Amino acid sequence: MKKVFVFLGAVFAASSVFALDTALKITPAMYKALDADYGSGFGGFAQFDADLFGLFTAGVEVNAASVTPEGIYESMTFAGAGAGLGVYYFPFAHLYLGAGGAAGLYQVSTKINSKNESASDYYWRGYAEIGYRFTPEMTLAASGGYISYNVTDNDPYNYITAGLTLRYTMSIGKSGSSAFNVNLEQDEPAFPLFMSAYQSCPLGTLTIRNNEGAEIKNVHVSFRAGKYTKSTFESVKVGRINKHSSKEVPLYADFSSEILRFAEDGKISGELVVDYEFLGKKKTAVQSCVISVHNRNAFSWGDSNALAAFVDSNNTDILKFAKEVSGTVNGLGYAAMNKNVQMAAGIMEALRLAGVKYSEDKVTPYTSFRNGEELDSIQYPLQTMNVLSGDYDDLGILVASCLESIGVGTGFLPMEDDFVVLVNLKIKPENASSHFADTNALIIDDQTAWFGLSMKAFEKGFSASRRAAAAVIKKANSAAEGTYEFVNVEDAWTTYAAAAFEGNGSVFETAAKSSVEKAVKAAIQDYINSDMEKVVARARASGDANKIGMALARSGRYAEARSAFAQSNSISAMHNLANIYMIERNYSAAAAQYKKILAKAPGNKSAARGLSKAEYFAL
């Protein structure tokens, strides 16, 4: 028995340190003996318990009872003291359920034939309770139980008890001055670049401690930071947090573009909003917190896919520039040539002629930081346009942004000493050899083919850049699998959405249209000479008139293409001949050709649409 009280004393001492609750319970009760000879009477229990983990209790108790027997005993008085364990739970805001047991020593005083006698031994009991919680501290419950007083060399005295329990809860230790104590831990400062990603990737971990007078339920935790957030964004929902208990939850945020104004590392003052239910009533607690933030250009090379967040296809200045270039390229008359090859040539040459050039970042050079663990600093495309220079990765991001803004898909190959921008040709993989002389110089996947542009050779123009990238890709294709990282920008955007950096106004001036036209024509002619001439030669060797015509058309040699198509009676060749007439704006000849197709294949929907278009333009 002594050991039990020593243990309980240690529990109460610890409770003062850990801010546990204690409960005082007073239970007046009626006693009814299972053996009629021992009669019935009244008594009661007084318990003092320590709350363990918001679910269990451990404590001491005293009890007393006076009963009137029906046999030889004139009276019986019991007095006992012991230790007990219990369990309780609040399934609803005010409903209390409890159960427990106790054991200890007792003394009984009796009168037999006007003679007083006494004896002592041990007792044990069990009980259950159901009640109503009026306040966090006060609960009234109906109690029912069983108590057995052991008697040496005789049957025990067994009684059923029933009564009302008044339960009063008190706190030992400091519980805090507010309803909550919320601490934030960040593994690293937030990256402005990934402003959208923090809606699903946590900023850090919140530890929420409940300092209310009872358990709380339906806890919603949200974060807001004034102009730096677009909304009060909910981080998590927690079903229940017991009093004095803590819960770790992730913190999410819905940042606005204002966070991209952090030119230096800094901090954001925000608020944590905790909405919850306390004893059936909805409450809100607000606590200030501070978020550490990297500067807007900070980047970690842990995942190269994250570079896609720099690629901005919606920036007003970039979109304006790219559309101007697109208009210029479309007016050059190479309608049958792969559009994306032409657009890539136009963007590269227009940027170069506008004065954009390579400039190594002296603080965080690409070639040193590409595989390093230190944070790199990468420019947003608008920054590169405004300063007219950038490192390899800066130039690549600008080129990709311009191409994406006019619907040309891009990717990256971040190499050791070069940064290759990949351009999606939007062709079937098996058709790659119809557009390029050497398919080993392309990246070919299950859906399309990509050619590359080397940023190391950016200042030498489109043709030199394309050749340099082809050499890099051929080397990568011939090496062991996994020697390079291929980042598909549009796929990567699903995880790393583009950061909408606007800057402070563009100072970028485009080159003269005539200069761009001249440079792009030269670049396209170089592509024809280096690739399409070999494609034409392969087509002639096949003897397929339609293939020959297609190769000639893609080279801009429309008259020769017409002659080749005319040598075939296939529907495809006839269709391609009609398309050549459309390109040459010979709408009457195109209409006649479409009619020939329909005469041969009356259900050809493509020819029917072509005929309608040709006749419309012929008016």
Side-chain angles (χ1 to χ4, degrees), residues 181-209 221-236 246-274 287-312 361-380 383 391 393-394 397 412 414 485 487 489 492-501:
N181 182 21
V182 185
N183 293 321
L184 171 64
E185 288 189 11
Q186 289 181 267
D187 292 334
E188 62 180 344
F191 287 85
L193 173 66
F194 305 134
M195 50 183 284
S196 299
Y198 290 116
Q199 294 183 29
S200 55
C201 298
L203 275 167
T205 301
L206 293 173
T207 301
I208 307 173
R209 181 174 174 79
V221 183
S222 304
F223 174 76
R224 63 192 181 200
K227 65 180 181 180
Y228 296 110
T229 51
K230 291 188 288 188
S231 67
T232 300
F233 194 76
E234 181 171 297
S235 288
V236 73
S246 298
K247 183 76 173 181
E248 288 190 353
V249 297
L251 174 65
Y252 301 99
D254 180 20
F255 286 115
S256 71
S257 58
E258 284 293 320
I259 198 173
L260 295 175
R261 294 187 180 275
F262 271 73
E264 303 290 340
D265 294 352
K267 295 182 183 295
I268 291 176
S269 294
E271 290 181 327
L272 298 169
V273 182
V274 185
Q287 180 173 314
S288 298
C289 70
V290 175
I291 303 294
S292 297
V293 182
H294 283 302
N295 71 81
R296 63 194 177 194
N297 296 104
F299 180 76
S300 173
W301 280 95
D303 182 3
S304 295
N305 286 282
L307 280 173
F310 282 107
V311 180
D312 186 1
D361 187 331
K362 302 299 182 183
V363 179
T364 59
Y366 168 79
T367 52
S368 299
F369 279 69
R370 164 68 183 89
N371 291 313
E373 296 182 358
E374 295 182 77
L375 287 181
D376 198 356
S377 180
I378 298 179
Q379 294 175 176
Y380 292 88
Q383 290 176 314
D391 212 333
D393 45 3
D394 302 324
I397 287 166
F412 297 136
E485 295 179 272
V487 177
V489 169
W493 272 340
T494 61
T495 302
Y496 301 101
F501 176 81

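This structure is a prediction, so every number in the text was calculated from the model and none was measured.
Looking at Arg261 and Lys227, their side chains never come closer than 4.5 Å, going by heavy atoms from C-beta outward. Side-chain contact check for Met195 versus Leu260: some heavy-atom pair is nearer than 4.5 Å. Counting only heavy atoms from C-beta outward, the side chains of Trp301 and Asn371 never approach each other to under 4.5 Å. Counting only heavy atoms from C-beta outward, the side chains of Leu203 and Phe255 approach each other to under 4.5 Å. Looking only at side-chain heavy atoms (C-beta outward), Val489 and Phe412 come within less than 4.5 Å of each other.
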Worksheet item: What do the steps show when you test Leu251 against Ile291 for side-chain contact (heavy atoms from CB on, under 4.5 Å), and what is the final call?
Response: CA-CA 11 Å; Leu251 174 65; Ile291 303 294; 4.0 Å; yes
Discussion item. Before you tell me yes or no, could you show the steps for Phe369 and Ile378 under side-chain contact (heavy atoms from CB on, under 4.5 Å), namely the whole-Å CA-CA distance, both residues' side-chain angles and the distance that decides it to 0.1 Å?
Written reply: CA-CA 11 Å; Phe369 279 69; Ile378 298 179; over 6 Å; no
Discussion item. Walk me through whether Phe501 and Phe310 qualify under side-chain contact (heavy atoms from CB on, under 4.5 Å).
Written reply: CA-CA 9 Å; Phe501 176 81; Phe310 282 107; over 6 Å; no
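Atom NZ of residue Lys267 and atom SG of residue Cys289 lie 11.5 Å apart, to the nearest 0.5 angstrom. Taking OH of Tyr252 as the reference point, atom OG of Ser200 lies at 7.5 Å (rounded to 0.5 Å). To the nearest 0.5 Å, the span separating CD on Glu258 from OG1 on Thr229 amounts to 10.5 Å. Here the OG-CZ distance, from Ser246 to Arg209, works out to 5.0 Å after rounding to the nearest 0.5 Å. Summarising the geometry, atom CG belonging to Asn297 is positioned 9.5 Å from atom CD belonging to Glu264; distances are rounded to the nearest 0.5 Å. In this structure, CD1 on Ile259 lies 11.5 Å from NZ on Lys230, to the nearest 0.5 angstrom.
Every residue two or more places apart in sequence or in another chain that forms a side chain to side chain donor-acceptor pair (under 3.5 Å) with Ser231 is listed here: Asp254. Tyr228 meets the ring-ring contact (aromatic ring centres under 6.0 Å, His included) test with Phe262; sequence neighbours excluded.
Aromatic rings from Tyr496 and Phe194 are positioned such that their centres are separated by under 6.0 Å.
Sorted by first then second residue, the salt bridge (charged side-chain N to carboxylate O under 4.0 Å, His left out) pairs that include residues 362-376, not counting sequence neighbours, are Glu360-Lys362, Arg370-Glu485.
For the pair Asp391 (side chain) and Asp394 (backbone), a donor-acceptor distance under 3.5 Å is absent. Using modelled atom types, no side-chain atom of Thr205 and backbone atom of Glu185 make a donor-acceptor pair closer than 3.5 Å. No donor-acceptor pair under 3.5 Å is formed between the side chain of Tyr380 and the backbone N or O of Asp312.
Considering all non-hydrogen atoms of both residues, Ala492 and Asn305 come closest at CB-O, 3.5 Å. Summarising the geometry of Ser222 relative to Glu234, their closest heavy-atom pair is OG-CA, 3.4 Å, with the distance given to 0.1 Å. Nearest approach of Phe223 to Gly270, heavy atoms of both residues: CE1-CA, 4.0 Å. Heavy atoms only, all atoms of each residue included: Pro414 and Leu307 are closest at CG-CD1, 4.5 Å. Contact detail for Ala253 and Phe233: the closest heavy-atom pair is N-CD2, 3.9 Å. Across all their heavy atoms, Val273 and Thr232 have their closest contact at CG2-CG2, 4.4 Å.
Within a 6.0 Å radius of CG in Asp187, other residues, nucleotides and ligands contribute 12 heavy atoms or fewer.
Under the side chain to side chain contact (heavy atoms under 4.5 Å, CB included) test applied with Leu206, the options Val274, Val182, Asn183, Val236 reduce to a single match, Val182.
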